[in-house]
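One structure is given below, encoded as structure tokens.
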Amino acid sequence: MGAPPQTSRIVALLLLIVWPGLRLLRVLYDRVVHFVFSVFFWFKKKTPLPPVFNPTLLLSATHLARAIRERKMTSAGVVRSYISRISDVNPLLNALAQEVFRDALQEARRVDERIAQGYDDGSLNPEILEETEPFLGVPFTVKESIAVAGLNHTSGLISRRFVVAYRDADVVERMKEAGGILLATTNVSELGLWWESENRLYGKTNNPYDLNRTAGGSSGGESALMCACGTPMSIGSDVGGSLRTPAFFCGLFSHKPTPGHVSLRGVGIMASPDNNSVFVAGPITRHAEDIIPMLKVLCTKESITKLRLSEPVNLAHVRLYSIADDDGAVLTSPVCRELRQAQDSIRKYFLQVHDTTVVKMRLPLLSQSFSIWREKMAEIYRGHPGLLSQLGDNKDEIDIWAEIVRAALGRANHTWPALLQAAGEKLRIRGSEEERNPDPYPRWRILLGKLQRTLGSNGVLLYPSHPTLAPYHREPLMLPLNFTYTAIFNALGLPVTQVPLGLSSNGLPLGIQVVGGLGMDRLTVAVAADLEKGYGGWKCPAQIL
């Protein structure tokens with residue numbers, strides 16, 4: 001039986017009065033937090049990145065692979081260029097976890113010898129080589145939480161500091177089979193569960209545009225190194241925005257594929273649940289032209305066919321939609337002015353260049369993004385070890401209160417974000433009615449149904465990557481739920497391409513998420529490539545000489 005009409009009117013009136021007040025308090029809170037951090041970091045030394053002297057470092061991985069195949073460049077020369085660049089920038093960025101430079105150079109020399117011999121005896125066909133080993137001789141890096149045989153596989157946990165992977169993750173194996181040469185593994189957030197890359201083993205990673213700001217997480221080491229011209233190919237993973245948030249903060253492209261098409265074996269320190277539609281692995285790049293070739297390497301042959309990755313996209317037939325924010329959720333920051341302006345400018349761009357109208361729309365359910373994402377995570381990971389157990393490397397649950405005391409005394413084994421999330425898990429009442437009897441038709445299904453009907457097979461959605469520009473270090477602790485702008489699409493399982501849109505007035509990256517319907521990865525990548533032409537794509541944070 002519904003509420004009496006008079007009661008409903010009173011509730012509606014109270015909401016009309018209270019809601020704007022809550023939003024105003026949220027705006028004031030955000031401004032105070034940002035002001036405090038900006039004052040603190042005002043006195044910190046602002047060190048620029050070393051200039052880029054070698055033009056090789058600016059080229060796409062696709063361009064490098066072609067030049068190596070055609071003997072216009074040597075693999076050893078390319079690898080040496082990147083090793084030199086990493087040596088220059090990593091002391092400022094702290095992006096590296098473990099390097100294998102000597103092995104990479106040896107492998108590069110073998111590639112050059114093989115190509116030279118193939119040309120000499122006439123056995124080498126560059127076209128066939130492009131098909132079988134599309135990235136022959138090109139270096140790449142992966143985040144440390146992705147297994148690489150013989151290298152540390154800790155995900156930032158002190159308790160795993162002596163753990164070494166015994167075999168490559170499938171994504172690493174496939175990239176090596178495609179001719180890629182591993183250079184290094186890179187820094188992550190502890191357990192990959194926070195949007196700033198910091199842990200007690202490797203420290204924190206800095207943003208190439210401003211070393212006082214975060215590079216994002218959990219693929220922050222990859223994004224920082226890629227942005228600073230330290231690697232031409234990056235592989236990361238994403239459970240709540242770990243590919244897209246750092247790519248946005250560092251002005252890069254990244255792609256969260258449709259789940260189920262890229263193998264997760266070896267991605268993370270725990271085995272992934274079967275049919276995991278939340279967790280994915282994918283590429284981070286400086287150039288849009290590298291996304292599809294990398295996806296073809298990471299996906300199975302069946303997935304390449306199913307996703308139609310080789311088929312061209314006619315942008316004239318693509319329908320575009322735009323949502324300005326998460327419908328005013330109180331627990332997230334409002335989208336900042338420059339990001340709104342950048343998103344609005346896309347409408348003008350498509351109208352002028354393609355005579356295509358971008359349709360504005362609203363989805364009120366987006367205001368519940370965090371609870372919807374958590375609902376989906378609970379569904380996928382039901383029965384798997386909780387955070388308290390994971391922080392203990394699945395041997396014993398950590399004593400969370402003792403660890404918090406240790407952290408307060410400066411003797412922490414874990415980062416504050418991990419401890420606070422674990423404390424929240426400890427305090428949460430288990431065995432609730434919702435856990436015993438989950439909703440047979442949860443909210444994520446309702447939201448996915450609405451979006452899928454709208455986007456179909458030829459529509460994409462423009463949605464903010466994050467409500468603010470790259471924050472200062474530690475500032476995310478004061479704005480913990482802002483990651484839900486990306487996390488909601490993990491809950492829905494939709495493909496998303498992160499696209500840079502130039503720089504803000506204070507020199508920080510702007511960007512947008514391009515979201516597609518299920519399996520429509522090629523559409524989002526095609527729109528990203530078109531926006532690269534219009535907005536210039538990645539902007540080098542260092543001077544080019």
Side-chain angles (χ1 to χ4, degrees), residues 37 40-41 44 90-99 141-148 151-165 184-207 211-225 236-237 239-240 242 245-246 249 267-270 385-426 471-478 480 483:
F37 277 89
F40 176 79
F41 283 102
K44 295 282 186 177
N90 192 61
L92 296 173
L93 300 176
N94 190 39
L96 225 59
Q98 198 169 2
E99 50 89 357
T141 54
V142 300
K143 65 194 294 187
E144 198 262 13
S145 57
I146 296 176
V148 175
L151 297 187
N152 292 344
H153 189 213
T154 70
S155 200
L157 281 180
I158 283 183
S159 59
R160 289 179 61 90
R161 60 188 176 278
F162 302 120
V163 175
V164 173
T185 58
T186 56
N187 199 19
V188 296
S189 58
E190 188 173 13
L191 279 179
L193 294 177
W194 188 241
W195 48 284
E196 178 162 18
S197 291
E198 180 180 14
N199 55 71
R200 299 305 178 199
L201 278 178
Y202 305 116
K204 69 174 181 288
T205 298
N206 301 319
N207 191 307
L211 301 181
N212 292 326
R213 295 177 185 260
T214 178
S218 62
S219 307
E222 281 300 309
S223 293
L225 203 61
S237 58
V239 73
S242 293
T245 300
F249 289 168
V267 179
I269 60 174
M270 290 199 331
L387 187 53
L388 290 165
S389 177
Q390 291 178 51
L391 287 172
D393 195 22
N394 296 324
K395 295 180 176 68
D396 293 300
E397 288 191 357
I398 65 168
D399 184 338
I400 183 61
W401 309 121
E403 289 297 331
I404 287 176
V405 170
R406 287 176 60 88
L409 295 175
R411 300 172 59 84
N413 289 324
H414 304 282
T415 56
W416 277 110
L419 291 175
L420 292 174
Q421 290 179 76
E425 180 183 274
K426 184 78 171 178
Y472 290 104
H473 289 301
R474 308 281 193 275
E475 195 177 355
L477 274 173
M478 304 293 105
F483 81 98

What one should report as the nearest heavy-atom pair of Ala407 and Leu419 is CB-CD1, 3.7 Å

Here the gap from Gln98 atom CD to Asn152 atom CG, rounded to the nearest 0.5 Å, amounts to 4.0 Å

Residue pairs passing the salt bridge (Lys or Arg N to Asp or Glu O under 4.0 Å) test with at least one member in residues 152-165, sequence neighbours excluded, are Arg160-Asp393

The residue among Arg406, Glu190, Arg200 that forms side-chain hydrogen bond (donor to acceptor under 3.5 Å, both in side chains) with His414 is Glu190

inquiry  = Under 3.5 Å, is there a donor on one side chain and an acceptor on the other for Asn206 and Asn94?
reply    = no

Residue set satisfying side chain to side chain donor-acceptor pair (under 3.5 Å) with His153, at least two apart, ordered chain then number -> none

### Query
Counting N and O atoms only, with roles assigned by atom type, does the side chain of Asn90 sit under 3.5 Å from a partner on the main chain of Ala95, one being a donor and the other an acceptor?
yes

Asn207 meets the side chain to side chain donor-acceptor pair (under 3.5 Å) criterion, sequence neighbours left out, with none

Of all heavy-atom pairs linking Val148 and Ala165, the shortest is O-CB, 3.3 Å

- prompt: Given Leu151 and Val164, is the side chain to side chain contact (heavy atoms under 4.5 Å, CB included) satisfied, shown in steps?
  reply: CA-CA 5 Å; Leu151 297 187; Val164 173; 5.7 Å; no

Contacts of Asp396 meeting side-chain contact (heavy atoms from CB on, under 4.5 Å) (sequence neighbours excluded), chain-then-number -> none

Do any N or O atoms from the side chain of Glu403 and from the backbone of Asp399 form a donor-acceptor pair under 3.5 angstrom?
no

The side-chain contact (heavy atoms from CB on, under 4.5 Å) partners of Ser218 (sequence neighbours excluded) come to Lys143, Ser189, Ser242

Between Ile269 and Ser155 the two heavy atoms that sit nearest each other are CG2-CB, 3.6 Å

Side chain to side chain donor-acceptor pair (under 3.5 Å) filter on Thr185, not counting sequence neighbours, yields none

Heavy-atom nearest pair, Gly221 first then Ser197, reads N-OG, 4.0 Å

CD1 (Ile398) and CG (Asn413) are apart, to the nearest 0.5 Å, by 9.0 Å

**Note, Thr214 side chain near Trp194 side chain (heavy atom, < 4.5 Å)** = no

Hits for ring-ring contact (aromatic ring centres under 6.0 Å, His included) against Tyr472, two or more places apart or cross-chain, chain-then-number order -> His34, Phe41

Which of Leu391, Val405, Leu388, Leu387 passes side chain to side chain contact (heavy atoms under 4.5 Å, CB included) with Ile400? Answer is Leu388

The side-chain contact (heavy atoms from CB on, under 4.5 Å) partners of Ala184 (sequence neighbours excluded) come to Leu96, Glu99, Thr141

Smallest heavy-atom separation, Thr205 atom then Ala224 atom, equals CG2-CB, 3.6 Å

Show your reasoning for whether side chain to side chain contact (heavy atoms under 4.5 Å, CB included) applies to Leu201 and Ile158.
-> CA-CA 6 Å; Leu201 278 178; Ile158 283 183; 4.3 Å; yes

Arg474 meets the side chain to side chain donor-acceptor pair (under 3.5 Å) criterion, sequence neighbours left out, with Glu198

Contacts satisfying salt bridge (Lys or Arg N to Asp or Glu O under 4.0 Å) that involve residues 211-223 (not counting sequence neighbours) are Asp210-Arg213

**Request:** Please confirm whether the backbone N or O of Ala97 pairs with a side-chain atom of Glu144, one donor and one acceptor, at under 3.5 Å?
**Result:** no

Looking only at heavy atoms, the pair that brings Gln390 and Pro385 closest together is NE2-O, 3.1 Å

Leu420 meets the side-chain contact (heavy atoms from CB on, under 4.5 Å) criterion, sequence neighbours left out, with Trp416, Leu477

